[in-house]
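By convention in this document, chain letters (A, B, ...) are assigned in the order of the sequence lines, proteins followed by strands, and residues within each chain are numbered from 1.
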Number of protein chains: 2
Amino acid sequence: MSLSRESAPVTMEMVAKAAGVSMSTVSRVLTGTVAVSETKRVAIEKAIAELRFVPSPVARSLAKGRSMTIGIVTQAIDSPFYGLAMRGIEDELNPAGYMPLFVSGHWNVKTECQCIDALRARRVDGVIVLTGRLTDQALIECARFLPTVVTGRNLTAPGICAMNFDHFSGGMLATRFLLESGHRRIAFIAGDPDQPNSSERQRGYQAALEAAGIAFDPDLVMPGDFHEASGMLAVDRLVTAHIPFTAIFAANDQMAYGAALGLRRRGLRVPDDVSLVGFDDLPGSQYAAPPLTSVRQPAYELGQVAAVAMLQMLSGTIPTCDLPPLTLTTRESTRRLLG
Amino acid sequence: MSLSRESAPVTMEMVAKAAGVSMSTVSRVLTGTVAVSETKRVAIEKAIAELRFVPSPVARSLAKGRSMTIGIVTQAIDSPFYGLAMRGIEDELNPAGYMPLFVSGHWNVKTECQCIDALRARRVDGVIVLTGRLTDQALIECARFLPTVVTGRNLTAPGICAMNFDHFSGGMLATRFLLESGHRRIAFIAGDPDQPNSSERQRGYQAALEAAGIAFDPDLVMPGDFHEASGMLAVDRLVTAHIPFTAIFAANDQMAYGAALGLRRRGLRVPDDVSLVGFDDLPGSQYAAPPLTSVRQPAYELGQVAAVAMLQMLSGTIPTCDLPPLTLTTRESTRRLLG
DNA sequence: TTGTAGGCGTTATCAT
DNA sequence: ATGATAACGCCTACAA
């Protein structure tokens, strides 16, 4: 296994020698800043091709002070939701010559801070923070050094571009749909209260009830943490406490999956006995059994918009931080309640 | 938005000046290679802390020729299966001071090649390829320059550490379980034939049938591509063609989800009418409706083992490429067929 | 248009 | 133990 690998990479100096020119000239055709005589250019390009020379971004970074790398603080590299956003970022950044550097904050303020430090140490040219629990202050501090875009919160500060979906409206959307389907006893499974938009969704739920003239019943609100198990537990509690309900609105799809399983365990069918609505519209929701009605958060587009905004900041133009409105994807987990 | 950001980062030179020593000495306490007098050490450490100095990995890379970065060629940054592996990699690499650099090959040979080129250009210290469609030759070529570990295939070559689960055994495991549960008409939904281990799983299926003395019926084998839709389509075809079956073994969980939906659409219940087994045991399978019986591939552990192997190669020791055997996780999607 | 020289922020090799 | 000094590979004035 102790293999002697290929020697040092081809350098610009070798190219210059092969083409019979100076390194500066090579550098010029590489960067394309200044005109170079046709004859030398072809000679250099030939040498580059023959030697299979690739300029070192490391050296380039050191010389220019830019790394062509954007740091992305995601919460978990295996998150189904942020995975899509990462993909959107990737798809926008790569064509622009930038490379995303993904690090995971794990919904932990301290870890997220370390992520940002690590990214700054790596000399990234900008930072995109996908939600997380960082304080606004920490982000403002980050923006003092680097162009910063953050999703999942509203924040106006110099050097920061924040973008957020309207989770309140999303909460209303789902609840209103259930109300219009004839449901009156709608349980709500809340998300992790420590996460930014969790309570917004609940506020939307309550607002929709109020608008429909339905009294808010706190017994119908179950705590949750955005994971499947908490959705299942919520159903258990509801049933055990003999609290009547004909529909459930879970603050995210994962909890809805858990709730579906909980209902199944109790012999309750979806949607025949209970209608179920989630939030996020994860890719898997399309193939859940039954396919889940959910408030769609276009995560891929979120990533794209975030990346474009970063590119704009980098090029000195004013970033556009506008996100599309949330929509409801109706599938088979909900049904009209016949009066 | 045109904010004037903080000026250039603190350099070692500034630390040296502040501590009244030379840059070399600062470098020494940083790298900890050579002894430094106690008095100077504290002075330097004090200066580092006060100036909040962080050494530049970029400059360090240039000087040392190592970037402390490992390139990871994953197939999709949002893949549920490889997401777990990436997490395992991350969790092993970070404590060792290395940072993973994730790029996506999208199951496309050309893209994967570009990924490797991009990683080499970024001067990563090693490459981990998560499966993919690269030719063995391409990997051997890669290994000429960088320590390379690859998952999902068996390959013995200098400088390469390959690791793979025993998909044949996995296929047998699932099929044997169904056979032992009394099933005789077991349909198989195949995976993408272009992916390395796809046919291995099918071979295991056939071998198990043979071992049980059951004639292999090609009508029971449906083509698939590892995506949900193809699982659903397979069920459609099976039912439409009036091919009798009491169980389905899908070559991965995603197709099993699709199959479950297809069965549901046809009014067939799982597991009452049809038992269903998947392959991978994705996190979501635990909360599928019903929870899915599946051949468990410990993806997180795979990532860990791959990362450890890389670390071992980097440190010059012989890497261990052994993976745990595949196991079967039995859940509610399968039932004993009463004879 | 082209080449020379200096700098980017570290580490490593020398002397001392 | 410490301090100059030369790499590391590239970019960019500056000069020609």
Look at the side chain of B:Thr317 and the backbone N and O of B:Gln312, then say whether any donor-acceptor pair between them is shorter than 3.5 Å.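 Between the backbone of B:Gln312 and the side chain of B:Thr317 there is a qualifying donor-acceptor contact (under 3.5 Å).
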
Nucleotide of [options] approaching [X] most closely (side-chain heavy atoms):
X       : options               : answer
B:Leu30 : C:dT11, D:dT12, D:dT2 : C:dT11
A:Lys64 : D:dG9, D:dT12, C:dT10 : D:dT12
A:Ala63 : C:dT11, C:dC8, C:dG3  : C:dC8

Given atom [atom1] of [X] and atom [atom2] of [N], what is their separation to the nearest angstrom?
X        : N      : atom1 : atom2 : result
B:Arg120 : D:dG9  : CZ    : P     : 14 Å
A:Met23  : C:dA5  : CE    : P     : 13 Å
B:Lys40  : D:dT2  : NZ    : P     : 5 Å
B:Lys17  : C:dG9  : NZ    : P     : 13 Å
A:Arg123 : D:dC10 : CZ    : P     : 20 Å
B:Arg28  : C:dT13 : CZ    : C1'   : 10 Å
B:Arg60  : C:dA12 : CZ    : P     : 10 Å
B:Met68  : C:dT11 : CE    : C1'   : 14 Å

For a quick test of reading the model: is some side-chain N or O of [X] closer than 4.0 Å to OP1 or OP2 of [N]?
X       : N      : answer
B:Thr25 : D:dG3  : yes
B:Ser27 : C:dA12 : no
A:Ser24 : D:dC11 : no

For B:Asp117, is there an ion pair with B:Arg122 - N to carboxylate O distance below 4.0 angstrom?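 Salt bridge flag = no for B:Asp117 with B:Arg122.
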
Close side-chain approach of B:Asn164 to B:Val150, heavy-atom, < 4.5 Å: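 No. Closest side-chain heavy atoms not under 4.5 Å.
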
Could you pick out which residue, B:Gly20 or B:Leu62, lies toward the 5' side of DNA chain D when each is mapped onto its nearest nucleotide?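 Residue closer to the 5' terminus by nearest nucleotide: B:Gly20.
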
Nearest-nucleotide wise, let me know which of B:Ala35 and A:Thr33 is further upstream toward the 5' end of DNA chain D.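 It is B:Ala35 whose nearest nucleotide is closer to the 5' end.
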
Between the side chains of [X] and [Y], does any donor sit under 3.5 Å from an acceptor?
X        : Y        : result
B:Ser24  : B:Ser27  : no
A:Ser104 : B:Glu90  : yes
A:Asp78  : B:Tyr300 : no

Under 4.0 Å from any atom of DNA chain D, heavy atoms only: list the residues of residues 41-59 of chain B that qualify, in numerical order.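 Those residues whose heavy atoms fall under 4.0 Å from DNA chain D, taken from residues 41-59 of chain B, amount to none.
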
Using a 4.0 Å heavy-atom cut-off across all strands, classify [X] as base, sugar-phosphate, or nothing.
X       : result
A:Met12 : sugar-phosphate
A:Thr11 : sugar-phosphate
A:Thr31 : sugar-phosphate

What pair of heavy atoms forms the shortest contact from B:Glu92 to B:Pro95, and how long is it?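 The answer is O-CD, 3.3 Å.
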
Looking only at heavy atoms, what is the nearest atom pair of A:Met310 and A:Ile128, with distance?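 Distance-wise, the nearest heavy atoms are CE-CG1, 4.0 Å.
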
From CA spacing to verdict: salt bridge (charged side-chain N to carboxylate O under 4.0 Å, His left out), A:Asp125, A:Arg66: CA-CA 6 Å; A:Asp125 296 334; A:Arg66 299 194 321 163; 5.0 Å; no

Degree of bending in the helix from C:dT1-D:dA16 to C:dT16-D:dA1 once both end axes are built from five pairs, to 10°: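 For the helix from C:dT1-D:dA16 to C:dT16-D:dA1, the axes at either end differ by 40°.
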
For residues 43-59 of chain A, tabulate all N or O donor-acceptor pairs below 3.5 Å that involve a side-chain atom, not counting sequence neighbours.
from: A:Ser56; atom 1: OG; to: A:Val58; atom 2: N; distance (Å): 3.2
from: A:Ser56; atom 1: OG; to: A:Ala59; atom 2: N; distance (Å): 3.0

